[in-house]
J.: 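Following this message is one structure expressed as structure tokens.
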Amino acid sequence: MVGKSEQARTKEKVLDYHEQRIPRRKKQSGHKNRDEELTTPSRKLQNLRGQTLLFRCLKTGFVTTAPALTRYQCGRGIDPSRRELVGERPATWIKEVPTTTCEHCGMVVKGNQWAFKQHQQTKRCQKAQQQA
């Protein structure tokens, strides 16, 4: 290695070490790896399975999917285990967005009361309120 700097020699040693290094063997455990059991498409289907079943809250009677019902019940202080299976969600099952018709301008506003308050602050609604 005539004419090479100390830094270049060190770099070669490091590269040689990495080329010679033997890859580690994985530990052999008694259980199968989850990735070996499930292929990618079936894992996706399994994750979506919770969103195709409908559940009913035993306290309020609210019907929706499992993740949404958990959020609904936790937000109201209800035990999330208090639910019953209703069945599978039909393909045409879509929750409708609540709508409100403005009494001033007649526009149909999609969303909750906060969306309606925002609508009442628009120029169109302000103008209709002044004319009335």
J.: Are there more than 12 heavy atoms of other residues, nucleotides or ligands under 6.0 Å from atom CD of Gln113?
T.: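 Atom CD in Gln113 is packed in, count exceeds 12.
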J.: Could you tell me whether the side chain of Gln73 and the main chain of Arg82 form a donor-acceptor pair under 3.5 Å?
T.: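 Yes; judged by distance alone, with no hydrogens or angles, the pair exists.
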J.: What pair of heavy atoms forms the shortest contact from Thr70 to Pro80, and how long is it?
T.: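 So the two residues come closest at CG2-CB, 4.4 Å.
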J.: Let me confirm one number: the NZ-SG distance from Lys123 to Cys105, rounded to the nearest 0.5 Å.
T.: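 The distance works out to 15.0 Å.
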J.: Starting from the C-alpha separation in whole Å, work towards a yes-or-no answer on side chain to side chain contact (heavy atoms under 4.5 Å, CB included) for Glu88 and Leu53.
T.: CA-CA 4 Å; Glu88 287 204 17; Leu53 296 175; 3.7 Å; yes
J.: Nearest 0.5 angstrom please: His119 NE2 to Thr100 OG1, how far?
T.: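 The distance works out to 9.5 Å.
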J.: With distance as the sole test, does Glu84 use its side chain to make a donor-acceptor pair with the main-chain N or O of Phe55 at under 3.5 Å?
T.: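 No: the side chain of Glu84 does not pair with the backbone of Phe55.
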J.: Is Ile78 reachable from Leu85 through a run of hydrophobic residues whose side-chain heavy atoms are each under 4.5 Å from the next?
T.: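 Result: no, two separate clusters.
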J.: Given the rule in the side chain to side chain contact (heavy atoms under 4.5 Å, CB included) test, do Gln120 and Val109 qualify, once you have shown the distances and angles that lead to the verdict?
T.: CA-CA 10 Å; Gln120 288 180 331; Val109 180; over 6 Å; no
J.: Kindly compute the distance separating CZ (Arg83) from CG (Leu54), expressed to the nearest 0.5 Å.
T.: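 Here the rounded value is 11.5 Å.
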J.: Nearest 0.5 angstrom please: Met107 CE to Thr99 OG1, how far?
T.: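 Atom-to-atom, Met107:CE and Thr99:OG1 are 11.5 Å apart.
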